[in-house]
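By convention in this document, chain letters (A, B, ...) are assigned in the order of the sequence lines, proteins followed by strands, and residues within each chain are numbered from 1.
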There are 2 protein chains.
Amino acid sequence: MNRSGYRPDKPATIKDVAKALNISISTVSRALRNKPDVNQETRQSVLRMVEELEYQPNQIALSLITQKTHTIGVIIPNLDYFFSMAVRGIDDMALETGYTVMICQSNESYARELVNTQRLMKGHVDGLIVSNSSDSINTEQYQRLLSKNFPIVFFDRVSSELDATSVVLDNISGATQAVTHLIEQGCRRIAYLAGPANLSISQQRMIGYKHTLEKYGLAIDESLIVFSEFDREFAYRSTLALIDSPNRPDAIFGVSDRLIVGAQLAIKERGLRIPEDIALVGFNDEPVVSLLTPPISSVAQSAFEMGRMAAKLLVEQLNSEHILPSQTIMLKPTLIKRASSIRKP
Amino acid sequence: MNRSGYRPDKPATIKDVAKALNISISTVSRALRNKPDVNQETRQSVLRMVEELEYQPNQIALSLITQKTHTIGVIIPNLDYFFSMAVRGIDDMALETGYTVMICQSNESYARELVNTQRLMKGHVDGLIVSNSSDSINTEQYQRLLSKNFPIVFFDRVSSELDATSVVLDNISGATQAVTHLIEQGCRRIAYLAGPANLSISQQRMIGYKHTLEKYGLAIDESLIVFSEFDREFAYRSTLALIDSPNRPDAIFGVSDRLIVGAQLAIKERGLRIPEDIALVGFNDEPVVSLLTPPISSVAQSAFEMGRMAAKLLVEQLNSEHILPSQTIMLKPTLIKRASSIRKP
DNA sequence: AACGGTACCGGCAACGTTGCCGGTAAATAA
DNA sequence: TTATTTACCGGCAACGTTGCCGGTACCGTT
């Protein structure tokens, strides 16, 4: 064991308090936890001495006994606008409920997701809040933990194979709102920048996209569907290709604002007009899209609320005597219409 | 003590391993830590049993002995682009050096900063990485910890009164580059959106701003200096006021991109040209500014590197036998020139 | 045959805290 | 007066791990 390293002046322990008052450790302990078997005078003197010595109970020792650390582990793919807001929501709820938050970023890498899970479990977090990385294929690690009844709450990017508590957006509704709006604006050839194919959000939004096209009797043209990483540069190049192809789209729906921003750059580069030639709708409603020229329409959701809700569900499980049945909370998105998609007055 | 709440199946302990092999706990412990006093066969059987029982050493028990948790506490004002990147750098270095990171956001509130410090100290973090909130006036809490030789590294927003290890940007250089550039482009009445008055970054950039004006023989007009929170809306209104004032500026330098974006909105609103009527330079080089019309010049810095460096210094302190002298690392910024400030070909 | 050395192993204390049990003195009841 | 309750307190074990000390075979030496 590494015993090296600098160690600051040791803080007072319950033992120091007891010694200073010439009473037993047990009595101090009882006095502090308001147990009945303590003389009021004794209790008062203990409290005074605690004040004087600046005694604070050692959480590590308590953790050793209770096997609880009051710590929540968070695994997210990155810290972009969406996840930053989600983390803020998690931190917010954690503060309210007396937990602290350990954050690990997987950088969209499955390998790193594995490492981070190990890291957090070793640190003995009481539970986990997870959003999958984009190249996350295997869920075995979480399956194993869940089978041992270790509490995990998933959010946003979830796994369909896992029967676990999760908080997600109604992605089908979001995509439906977006595509319906585009069709109402007269668009007929609507492309979809779909993002990573194995992510739940991509798939769900795809369903909304396709269903809406079908509903309005429009053909589904697979050449208008482009999968990719969440990479603006890639979206830029894909959009150039779409524009230069024989069947140029008259609208583009993006699974995320990051991609739709790349698309906008490409359209401007080619000198086409937005929304007259190509209309745009993104997803997430990041602040940036309202600042662009023209401002881009986007499906808004509250990452903050999602994070708060995920933390709330986890803490409920942690505070519960027994195992709670897994549930899925679905939040509602709202389409924010801006100049990038409004053709009709 | 709260003993309620659900607890998953207990993992194997060293005792279980010992019992399964009918040997003593001590021997298992020695075998696992590659001590010499162990028979090779015994060691092998221990390793096999460890594998079988999926034994993992209990970090909490180790922490109780060593008083170390291998955890770093991070206190930041928010999770905007800059701090997200910094956190990524911290997390990166932490992963390399075997630490995990606890993050608390103060939401620019001093009160919450206090609470978060308590929270992290209670969780027994080994050290702290801190960037002050904008209404952080008192540094007594950190002073107290530092006087007890508790390791803290400050970054970006530091306190001049604290003699502590810190990582900062050469803010004077950044502001000097920005203002010099504006003057070279022919600007003579340069306003400064200064941000919160008590923040080190505001003050340092102010020094660079004023010195550069003096160097070029330009008068310092206090009516062109505006303090505020990091609030886009406020910057928007301030800029409108500047524009409508009798001595309208011909350039605006902003302590952060968030403020300069608000300024841009105001200038567009009034129908003035950028950079011909008013040139703009921001700070941080957030991705958004390169996407705006026109793209905004900005002083670029690497928040990622800053975070990594802060974590590196902290870990060095944590791994050191003795107390290291406090030091200040100063990183160099680079001005990125874009259309918002380029008047001459 | 007695001795010292080596190789290996088990027991105990400690880290800081709480739960449980048992004990002592005073106060009350018989 | 004696028995019994009440009020209060201390000791011990345990949580999981490591460091330290002491012990026991077995080996080779002289």
Side-chain angles (χ1 to χ4, degrees), chain A residues 1-5 7-46 49-50 53-70 121-124 126, chain B residues 1-5 7-46 49-50 53-70 121-124 126:
Chain A
M1 193 59 226
N2 175 22
R3 269 187 167 280
S4 84
R7 203 142 62 253
D9 308 341
K10 287 207 174 178
T13 72
I14 202 174
K15 198 182 288 181
D16 299 321
V17 177
K19 208 174 292 175
L21 294 171
N22 257 320
I23 57 178
S24 78
I25 294 176
S26 310
T27 304
V28 177
S29 176
R30 262 170 313 203
L32 291 177
R33 279 167 308 113
N34 281 324
K35 296 263 174 165
D37 277 19
V38 177
N39 188 313
Q40 277 307 320
E41 290 180 27
T42 313
R43 192 191 303 279
Q44 290 309 320
S45 64
V46 165
M49 188 56 73
V50 159
L53 299 182
E54 299 183 36
Y55 165 75
Q56 284 219 330
N58 186 319
Q59 291 296 326
I60 300 175
L62 291 178
S63 293
L64 185 58
I65 297 177
T66 62
Q67 301 287 12
K68 284 175 173 299
T69 55
H70 286 264
M121 293 309 295
K122 235 175 118 175
H124 288 260
D126 289 346
Chain B
M1 192 60 225
N2 175 21
R3 268 186 167 281
S4 84
R7 201 141 65 253
D9 308 343
K10 287 208 175 179
T13 72
I14 202 174
K15 198 183 289 181
D16 298 322
V17 177
K19 207 174 293 175
L21 294 171
N22 257 320
I23 57 180
S24 78
I25 293 176
S26 310
T27 305
V28 176
S29 175
R30 262 170 313 203
L32 290 178
R33 279 168 308 114
N34 282 325
K35 297 264 172 164
D37 278 17
V38 177
N39 188 312
Q40 277 307 318
E41 290 180 28
T42 313
R43 192 190 303 280
Q44 290 309 319
S45 64
V46 165
M49 189 55 74
V50 160
L53 298 183
E54 302 185 33
Y55 165 75
Q56 285 219 330
N58 186 321
Q59 291 296 325
I60 299 174
L62 292 178
S63 293
L64 186 57
I65 297 177
T66 62
Q67 300 287 12
K68 285 175 173 299
T69 55
H70 287 264
M121 292 308 297
K122 235 176 118 176
H124 287 261
D126 289 346

Could you list the donor-acceptor pairs under 3.5 angstrom formed between side-chain atoms of residues 19-27 of chain B and any protein atom two or more places apart in sequence or on another chain?
from  : atom 1 : to    : atom 2 : distance (Å)
B:S24 : OG     : B:S26 : N      : 3.4
B:S24 : OG     : B:T27 : N      : 3.2
B:S24 : OG     : B:T27 : OG1    : 3.0
B:T27 : OG1    : B:R30 : NH2    : 3.3

[Y] and [X], any side-chain heavy atoms less than 4.5 Å apart:
| X | Y | value |
| --- | --- | --- |
| B:N58 | A:H124 | yes |
| A:E41 | A:N39 | yes |
| A:L32 | A:V46 | yes |
| A:V28 | A:K15 | no |

Starting at atom [atom1] of [X], determine the distance to atom [atom2] of [N], rounded to an integer number of angstrom.
| X | N | atom1 | atom2 | value |
| --- | --- | --- | --- | --- |
| B:R30 | C:dG11 | CZ | P | 11 Å |
| A:I60 | D:dT18 | CD1 | C1' | 16 Å |
| B:R43 | C:dA7 | CZ | C1' | 13 Å |

What heavy-atom pair brings [X] and [Y] nearest, and what distance separates the two atoms?
| X | Y | value |
| --- | --- | --- |
| B:Q59 | A:K122 | CG-O, 3.1 Å |
| A:A12 | A:D16 | CA-OD2, 3.3 Å |
| A:R43 | A:K35 | NH2-O, 2.9 Å |

Discussion item. Nearest 0.5 angstrom please: A:L53 CG to A:T13 OG1, how far?
Written reply: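 The CG atom of A:L53 sits 9.5 Å away from the OG1 atom of A:T13.
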Every protein N/O within reach of nucleotides 4-8 of chain D N/O, cut-off under 3.5 Å:
none

Worksheet item: side chain to side chain donor-acceptor pair (under 3.5 Å) with B:T69: which residues, sequence neighbours excluded?
Response: B:D126
Worksheet item: If an axis is fit to five pairs at each end of the helix from C:dA1-D:dT30 to C:dA30-D:dT1, what is the angle between the two, to the nearest 10°?
Response: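 Both end axes considered, the difference amounts to 70°.
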Pull out every protein N or O sitting under 3.5 Å from an N or O of nucleotides 13-17 of chain D, one pair per line with the distance.
from   : atom 1 : to    : atom 2 : distance (Å)
D:dC15 : OP2    : B:K15 : NZ     : 3.3
D:dG16 : OP1    : A:Q67 : NE2    : 3.4
D:dT17 : OP1    : B:Y55 : OH     : 2.7
D:dT17 : OP1    : B:N58 : N      : 3.0
D:dT17 : OP2    : B:I14 : N      : 2.5

Practice prompt. Sort and list the pairs that fulfil salt bridge (charged side-chain N to carboxylate O under 4.0 Å, His left out) and have at least one residue in residues 53-67 of chain B, not counting sequence neighbours.
Written response: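 Qualifying pairs, neighbours excluded: A:R144-B:E54, A:K148-B:E54.
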Discussion item. Check this one for me: any side-chain N or O of A:K35 less than 4.0 Å away from OP1 or OP2 of C:dG19?
Written reply: yes
Worksheet item: Counting just side-chain N and O atoms, does A:T27 come under 4.0 Å of either OP1 or OP2 of D:dG10?
Response: yes
